[in-house]
Amino acid sequence: MDKFDFYKQVYAIVREVPCGRVTSYGAIAKSIGMPKSSRMVGYAMNASHDMPDVPAHRVVNRNGFLTGRMHFATSDQMEELLIKEGVLINENQVQNFEELFWDPFSLIKE
DNA sequence: CCGTTGACGCCAT
DNA sequence: TATGGCGCCAACG
């Protein structure tokens, strides 16, 4: 496995995040086996613009904040997409975050 | 080649 | 509880 399958795995996991659910950078990093590299997950997301079917808006930080909203077409794009999926947002934070959280590990356990 | 910069998160104080 | 420090490591100038 190439060391840069890291990015591929990030995309693969994000692609599996169900509509109306969210996950976090750290959770993704941990599920790949690099729990300390959550920043790299964010970096991968930055490059996910060209990738098809990668719902980057469903990835938030560990507190449920939409820290990546600045990197979308408009600063409201991320929030709009989530609301569209039924995810409530308030003050740039996902409401009911713990309940909507989707753990990537559940995908591995299957 | 080297210093800086992050869509983060844990740990120490 | 609230800050601040630092590990992480590819990308960029």
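Keep in mind that what you see is a predicted model, and the values were worked out from it rather than measured. Here is how names work: the chains are called A, B, and so on, in the same order as the sequence lines, proteins then strands, and each is numbered from 1.
One atom, CD1 of A:I32, and another, P of C:dC9, lie 13 Å apart when rounded to the nearest Å. Atom CE in A:M34 sits about 11 Å away from atom C1' in C:dA10, given to the nearest Å. Residue A:F65 contributes atom CZ, which lies 20 Å from atom P of B:dG6 at whole-angstrom precision. Computed from coordinates, the A:N63 CG to C:dT1 C1' distance equals 14 Å when rounded to whole Å. In this structure, A:F6 places its CZ atom 14 Å from C1' of C:dA11, rounding to the nearest Å. Summarising the geometry, the separation between CG on A:D50 and P on C:dA11 is reported as 14 Å, rounded to the nearest angstrom. At whole-Å resolution of the value, CE in A:M40 and C1' in B:dT5 are 10 Å apart. For the pair A:H71 NE2 and B:dT5 P, the interatomic distance rounds to 15 Å; values are reported in whole Å.
Distances from the side chain of A:S38 to the nucleotides B:dC8, C:dA10, C:dC8 place B:dC8 closest. Distance from the side chain of A:H49 is smallest for B:dA7 among the nucleotides B:dA7, C:dC9, C:dA11. Comparing atom distances between the A:K36 side chain and each of C:dA10, C:dC8, B:dC8 picks out C:dC8 as nearest. For A:N46, the side-chain atoms get nearest to B:dA7 when compared with the rest of B:dA7, B:dG9, C:dC8. Closest approach to the A:Y7 side chain among C:dA11, B:dG6, B:dA7 is made by C:dA11 (side chain taken as heavy atoms from C-beta onward).
Checked for salt-bridge contact, A:R21 and A:E85 miss the test: no charged N lies under 4.0 Å from a carboxylate O.
Between A:K30 and A:M78, it is A:M78 whose nearest contact on DNA chain B lies nearer the 5' terminus.
With hydrogens and angles ignored, the 3.5 Å screen pairs no side-chain donor or acceptor of A:N63 with any backbone N or O of A:F65. One N or O on the side chain of A:R58 and one on the backbone of A:V17 form a donor-acceptor pair closer than 3.5 Å.
As rounded to the nearest Å, B:dT4 and C:dC6 have C1' atoms that lie 15 Å from one another.
At the heavy-atom level, A:A56 lies under 4.0 Å from base atoms of the strands shown. Residue contacts shown for A:N61 are limited to sugar-phosphate atoms, with no base heavy atom under 4.0 Å away.
Inter-residue side-chain proximity for A:T67 and A:Y25 is flagged as met; some heavy-atom pair is nearer than 4.5 Å.
For a distance-only test at 3.5 Å, the side chain of A:R39 fails to qualify as a donor-acceptor partner of the base of B:dG9.
Between A:S24 and B:dC8 there is no side-chain polar atom (N or O) within less than 4.0 angstrom of OP1 or OP2.
Taking OG of A:S31 as the start and CD of A:Q9 as the end, the distance is 8.0 Å to the nearest 0.5 Å.
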